[in-house]
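For reference, the structure discussed in these notes is given below.
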Amino acid sequence: MLTLKQIQENRQEVIERLKVKGFDASLIIDQIVELDSHRRITQVDVDALQAEMNSISKSIGLMLKDGKKSEAGAAREKTVTIKENIKKLTIVLESAEKELQNLVIQLPNLPHSSVPVGFSAADNVIVREGGVIPKLANPLPHWELAKKYDLIDFELGVKLTGAGFPVYKGKGAKLQRALINFFLEEAVTAGYSEVMPPLMVNEDSGFGTGQLPDKEGQMYHITQDNLYMIPTAEVPVTNIYRDVILNESRLPVRNCAYSACFRREAGSYGKDVRGLNRLHQFDKVEIVQIANPSNSYEILESMVLHVQSLVEKLEMPWRILRLCGGDMSFTSALTYDFEVFSTAQERWLEVSSVSNFESFQANRLKLRFKNENEKKAQLAHTLNGSALALPRIVAALLENNQFEGGIRIPKILVPFCGFDVIE
RNA sequence: GGAGAGUUGGCCGAGUGGUCGAAGGCGCACGCCUGGAAAGUGUGUUUCCGCCAAAAGUGGAACGAGGGUUCGAAUCCCUCACUCUCCGCCA
C-alpha cells in the first residue's frame, strides 16, 4: 500500500509510474487527495469539540468536589449538543477514513525506474543466462518419466484429493526431501536463519503481505475458522514482522523457510497445467529479507545471485528475466523471474520470482525501523524470493538428465538423495 | 469440549469512575561522580492522527479487540479473541 505522503507529494510521478504497470490512477488519486483533505478538516473539528468536552468534564469533576452541585448540572447540560456534534462528525470522519483506505489499497505498487514498459510475458527482458541445454534424441516429458520410474502418481492424488495434488513415491519422494534440504542448507550457509512457519494464516496476515483482499480467490479458505492456507511461506514469514519496530542495527533481517504451498489456481487449464507444471499443493523454500531502504536494491541483487547459484549447482540451463510492468505483481516494485529449460516440453519454466516490495508491504504490515537518535520510525523495505520452488525444478531435472534406461541425479544432490541415478 | 482465573508501557507490576499516558521497579539512553569501572545520583525513555513553513509548541486518540453506560471509563456492562490452571480428548 502506498503511503498518503507518497501520493500527495508526488502526485504526477505516481500517475506516470503506474502507467508502466498499465494502471490508470489519475481518477483514484484525485479522489484520494480530495478525501484526505476532507478528512483532515473534519479531524480538526472533531478534535476541537473533544477538547471542549474534556475541559467541561474536568470542570464538572472539580465542581462536584467543591460541592457546587447546581453549577455542575448547568455544565452537564452544555455537553448535550457538543456530544451530538461529536457523534455526527465522528461518523463523517470514520467513513472518510474507511473510504480513503478502500481507495489507497486499490493502487498497485510503483514499479522501479528500471522496470521495462510492456503488457505481457513477451515484453520481459532477459538479463542473463547460463548453463547448457542438453541435446536429447527423443526426450520424454516428466509426467511420462514419473510414471515409467514410479516416482510420482498423479492419478492417486486425484483419488485422494483432486487434480494438482500428486503423490510422490519412492525415489520421487526422496528427491523432494533432498531438494528441500539442499535448498535450506544453501540458504542457511548464505546467512538466512531458518524458520518453520504455520501453513495457515489469519486474515490480518493475508492483508499484511497483500494477498487480501486482492487475491482472495487464489487462497484456500477454511471458513469455519476463517483461516487461509498459505500460498507461499512469504506470508507467515514476512508477517512475523507485522506491527514491529526494529532497531536499525538489526537490518537486514534474513529468514528462510521451507513450506508446502497451496494455490487454487482458478482458471488455469491446458498444457500449462500438465504434470508438475502447475499444482495446487507444492513445496518451496523461500528467502525473505527486511532491509533498510538505503540498500534494498543491493540486497535484491544478492538474492538474485543466491538463486542463480542454486540453478548453477543443479547444472540447469537457466535464464533471468526482468519483468515488465504489465507482468509484475500488484505488490512488487521490481521482480526478477528465474526460468529453467525443460527439454522435453521445449520451453522455459518459471522456478523462482525474486522481488523488492520496497515499503509497499511494510506500510500494510506497519513494519518499521529506527535508530536511537531518531524520533520517528520509518517504513522498512521487504524482499523475498523462491529459492526454490520444487515442482518445475523436478520436471526439468527429470527431463534434462534422462538417458536410455535412467535419470542421472546432479552431483550436488547425491549426498542428499543417497543415490546417483534413478532406474 | 466443560469449569475457573487473567490480558496495563521494552519487561515486571500498581491502579475499581474524575486532574491517569498511567505509581513504583527493572532495563535502556545521556549527564554527574570515578584514574577507569561498579555502586551512587540526576534527567530522559510508547505509538498514531492533526494544527504549525519548520522547529518549538500544541489539540486529539490508544490500558487485548469491538460495542455500550456516563458530563467523565484502565476502572462499570455486553460481545469476541487470546493466555494460564483443572477436567475431558489426543500425535
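Lettering of chains follows the sequences in order, A, B, ..., and the numbering in each one begins at 1.
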Give a yes/no on whether any side-chain N or O of A:K370 is located under 4.0 angstrom from OP1 or OP2 of B:rU47.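 Indeed, a polar side-chain atom of A:K370 lies that close.
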
Is the backbone of A:L212 close enough, under 3.5 Å, to the side chain of A:K215 for a donor and an acceptor to pair up by distance? no

In whole Å, measure the gap between the [atom1] atoms of [N] and [M] for me.
N	M	atom1	answer
B:rG21	B:rC32	C1'	29 Å
B:rC28	B:rA37	P	16 Å
B:rA56	B:rU41	C1'	30 Å
B:rU75	B:rA62	C1'	16 Å
B:rA65	B:rG9	P	10 Å
B:rG24	B:rG17	C1'	23 Å
B:rG59	B:rC20	P	15 Å
B:rU43	B:rU47	C1'	22 Å

Check ring-ring contact (aromatic ring centres under 6.0 Å, His included) between A:Y297 and all other residues, then give those that pass, not counting sequence neighbours.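 Applying ring-ring contact (aromatic ring centres under 6.0 Å, His included) to A:Y297 gives A:H112.
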
Sub-4.5 Å side-chain heavy-atom contact between A:F369 and A:I290: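 The answer is no, as the side chains (C-beta and beyond) never meet within the 4.5 Å cut-off.
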
Please list all pairs meeting side chain to side chain donor-acceptor pair (under 3.5 Å) that have one or both residues in residues 179-191 of chain A, counting only residues at least two apart or in different chains. A:E186-A:K313

Tell me every residue that passes side-chain contact (heavy atoms from CB on, under 4.5 Å) with A:P252, counting only those two or more places apart in sequence or in another chain. A:Q289, A:I299

Distance, rounded to the nearest Å, where [X] contributes [atom1] and [N] contributes [atom2]:
X	N	atom1	atom2	value
A:F369	B:rU47	CZ	P	14 Å
A:D225	B:rC80	CG	C1'	14 Å
A:E203	B:rC80	CD	P	18 Å
A:D204	B:rA81	CG	C1'	11 Å
A:L379	B:rU47	CG	P	14 Å
A:N202	B:rA81	CG	C1'	11 Å

Contact list for residues 79-96 of chain A, test salt bridge (charged side-chain N to carboxylate O under 4.0 Å, His left out), sequence neighbours left out: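 Qualifying pairs, neighbours excluded: none.
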
Among residues two or more places apart or on two chains, list those pairs meeting salt bridge (charged side-chain N to carboxylate O under 4.0 Å, His left out) that have a residue in residues 2-13 of chain A.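 Only A:R11-A:D30 qualify under salt bridge (charged side-chain N to carboxylate O under 4.0 Å, His left out).
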
Not counting sequence neighbours, list each pair that qualifies as a ring pair (Phe, Tyr, Trp, His ring centres under 6.0 Å) and has a residue in residues 144-177 of chain A. A:F165-A:H280

Ring pair (Phe, Tyr, Trp, His ring centres under 6.0 Å): pairs with one or both residues in residues 191-218 of chain A, sequence neighbours excluded: A:Y192-A:H306

When you look at A:L367 and A:L246, which way does the side-chain contact (heavy atoms from CB on, under 4.5 Å) test go after all the steps? CA-CA 8 Å; A:L367 162 51; A:L246 293 162; 4.0 Å; yes

Just the dot-bracket of RNA chain B, please: which string comes out with Watson-Crick or G-U pairs under 3.5 Å, [ ] for crossing, | for another strand? ((((((((.[[[..)..(.....]]]((((((.......))))))((((((.....)))))).[[[[[..)....]]]]])))))))....

Can you give one letter per nucleotide of nucleotides 50-73 of chain B, going 5' to 3': B for a protein heavy atom under 4.0 Å from the base, S for sugar-phosphate only, - for none? SS-------BSS---------BS-

